[in-house]
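Read the structure below first, then the notes.
These numbers come from the heavy atoms of this one structure, side chains and all, not from hydrogens, waters or symmetry mates. Chain letters run A, B, ... following the sequence lines, proteins first and then strands; every chain starts at 1.
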Amino acid sequence: MPELPEVEVVRRGLVNWVRGRTIHAVEVLDPRSIRRHALGVEDFMGNLEGATVSDVVRRGKFLWMPLLDATAPLPDNPEEPRVPGVALMAHLGMSGQLLMQDAGVPDEKHLKVRFRLSPREGMPDQLRFVDQRIFGGLFVTTLISTDDGGPGGLAESPLPLIAEEAAHIARDPLDPSFSFDLFYQRLRKRRTGLKRALLDQGLVSGIGNIYADEALWRAKLHYARPTDTLRRGEAQRVLDSAREVMLDALAAGGTSFDSLYVNVNGASGYFDRSLNAYGRQGEPCRRCAAAGIHAIIRREQFMNRSSHTCPVCQPRPRNGRW
DNA sequence: CATTCGTCCTGATAGC
DNA sequence: TGCTATCAGGACGAAT
C-alpha cells in the first residue's frame, strides 16, 4: 500500500528514467484508470502525445510530471526557460505501480496505461501504469503558480508551480518546509480523533493507515485521542514518530533504486522487520515485552479501517481529557 | 463552516 | 468442490 515512503521511492527511481524524454504514444487499456479527467480519454491522450517530461515531483501521495508542450510557442528570448503548463498526474491508490519496461516484456496482468517514450540508450522505452484494484489513476492537470516554494516533498529543485489537483494537499513531515506550528494550530481547532487528523491529507500529507498506526504506537498515543486536548509536546511526539518511521521505510525502499524497474513495493522488505503495530494483532507489544510487561496488540475498527494499538502503552482516553 | 459516511474496485480467504 | 460473503484501503463528494 503506497504511502509517502513508497511514493517517494517511485519518484526518485522514475525521475532518472523519464526526465527529458518525449511521450511518443499513449495506449489506454482500461479507461477506468483515467480518473478525474473530465474531457475523457481522447483528450487525455491528446494532451500527452508529443509532450516532454521535465521532472517528477510530489506533494503527499500525489505524483506528477510537468510537461513541456511541443506545440506551445517558444519564448521570445531563447535564454528564457520553457515553463510547463500542464502535468501528467498520478495517484497510486492502493495498488498502483509505475514501471519502466522494455518493449519486449509481456504486458502485466493489470496493465492499464502504456506510454511509449523517445528512445534513449540503455533505458527501457515504456512507462507502464499497472493497477490491480483501480483505486489509483492518471489524469492531466494544469500547473498553477504557488508562493510557497513549489511542491517540496524532498524534490530537488521544484518550480514554484503546483498541480491544481494537489494544491489543497498539505506538506508532509519529511518536507523541509513543513511547519509544525501551522500543523499544531490547525490540529487544536479540530474536534476529532487523532488518527483521523493524521490521515487528513489537507492537514498533514503522506500518512496512510499503516504509518498512522506506527506513529501512534511510537508516540504512545491512542487513535481516538481528541485533537483539541493534545498538548504541544504530544503533537510534536506523534509528528516526530511519523517522520522517523517514514524515514526508516524510505531507507529500506532505497535498496532497489538501481533495479531496472521503478519499485513501488518499497515497503515489502520493510514490513516484516520494522512494523510494531500494524498487522501485529494477537502478538506481544515489543516495547512492553522489553519492560517485562505482558501486553497483546489489539485490532479494532475505527473509521471503517483497522487500527492496531497496545492496550497498555496506548491507553484509550477517558472523557477526552488527560 | 467542519465532520462523517458511502463509494469506487479486485483478489484472497473464510465459511457453508 | 463451488458458491457467496467479507475484507483491505485513499480520496472525494454527498449528507449531516
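Of the N and O atoms on the side chains of A:N47 and A:D43, at least one donor lies less than 3.5 Å from an acceptor on the other residue.
Protein atom NE2 of A:H168 is 11 Å distant from nucleotide atom C1' of C:dG10, rounded to whole Å. As a whole-Å value, the separation of A:L92 CG from C:dG10 C1' is 11 Å. Here the P atom of nucleotide B:dT3 and the CG atom of A:L187 are 10 Å apart, to the nearest Å. Here B:dG11 presents its P atom at 5 Å from NZ of A:K109, a figure rounded to the nearest Å. Spacing between atom NZ of A:K195 and atom C1' of C:dG9 amounts to 11 Å, rounded to whole angstrom units. A:R299 has its CZ atom 7 Å from the P atom of C:dG9, to the nearest Å. Put simply, CZ on A:R36 is 7 Å from P on C:dG13, counting in whole angstrom units. Atom CE in A:M303 sits about 10 Å away from atom C1' in B:dC5, given to the nearest Å.
Here the nucleotide nearest the side chain of A:Q132, chosen from C:dG9, B:dT10, C:dC7, is B:dT10. Here B:dC9 is the nucleotide among C:dG10, B:dG11, B:dC9 with the atom lying nearest to any side-chain atom of A:I134. When each of B:dT3, C:dG10, B:dT10 is scored by its nearest atom to the side-chain atoms of A:F135, the top-ranked nucleotide is C:dG10. Among C:dA8, C:dA11, C:dG10, the nucleotide with an atom closest to any side-chain atom of A:F62 is C:dA11. When each of B:dT3, C:dA8, C:dG10 is scored by its nearest atom to the side-chain atoms of A:S306, the top-ranked nucleotide is C:dA8. In this structure, of B:dT4, B:dC9, B:dT10, it is B:dT10 that holds the atom nearest to the side chain of A:H110. For A:Y278, counting side-chain heavy atoms from C-beta on, the closest listed nucleotide (B:dT3, C:dA8, C:dA11) is C:dA8. Here C:dA11 is the nucleotide among C:dA11, B:dT4, B:dC9 with the atom lying nearest to any side-chain atom of A:R305.
Phosphate proximity of C:dA11 to A:K61: present, with a side-chain N or O under 4.0 Å from OP1 or OP2. Using a 4.0 Å cut-off, some side-chain N or O of A:R196 falls inside it from OP1 or OP2 of B:dT4.
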- Task: Evaluate the side chain to side chain contact (heavy atoms under 4.5 Å, CB included) criterion for residues A:D30 and A:K112: first the C-alpha distance (whole Å), next the side-chain angles of each, then the deciding distance (0.1 Å), finally the verdict.
- Result: CA-CA 5 Å; A:D30 189 340; A:K112 303 298 182 183; 3.1 Å; yes

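When all heavy atoms of A:L143 and A:P66 are compared, the closest pair comes out as CD1-CB, 3.9 Å.
Nucleotides of DNA chain B nearest to A:T192 and A:R32 differ in position, and the one nearer the 5' end is that of A:T192.
At the heavy-atom level, A:R191 lies under 4.0 Å from the strands shown only through sugar-phosphate atoms.
Side-chain atoms of A:R133 stay outside donor-acceptor range of the base of C:dG10, with no qualifying N/O pair under 3.5 Å. Side-chain atoms of A:R190 and base atoms of B:dA2 include no donor and acceptor less than 3.5 Å apart.
Salt-bridge annotation for A:R186 and A:D200: absent, with no side-chain N of the basic residue lying under 4.0 Å from a carboxylate O of the acidic one.
Other residues, nucleotides and ligands place more than 12 heavy atoms under 6.0 Å from the CD atom of A:Q301. Heavy-atom contacts from other residues, nucleotides or ligands closer than 6.0 Å to CZ of A:R191 number 12 or fewer.
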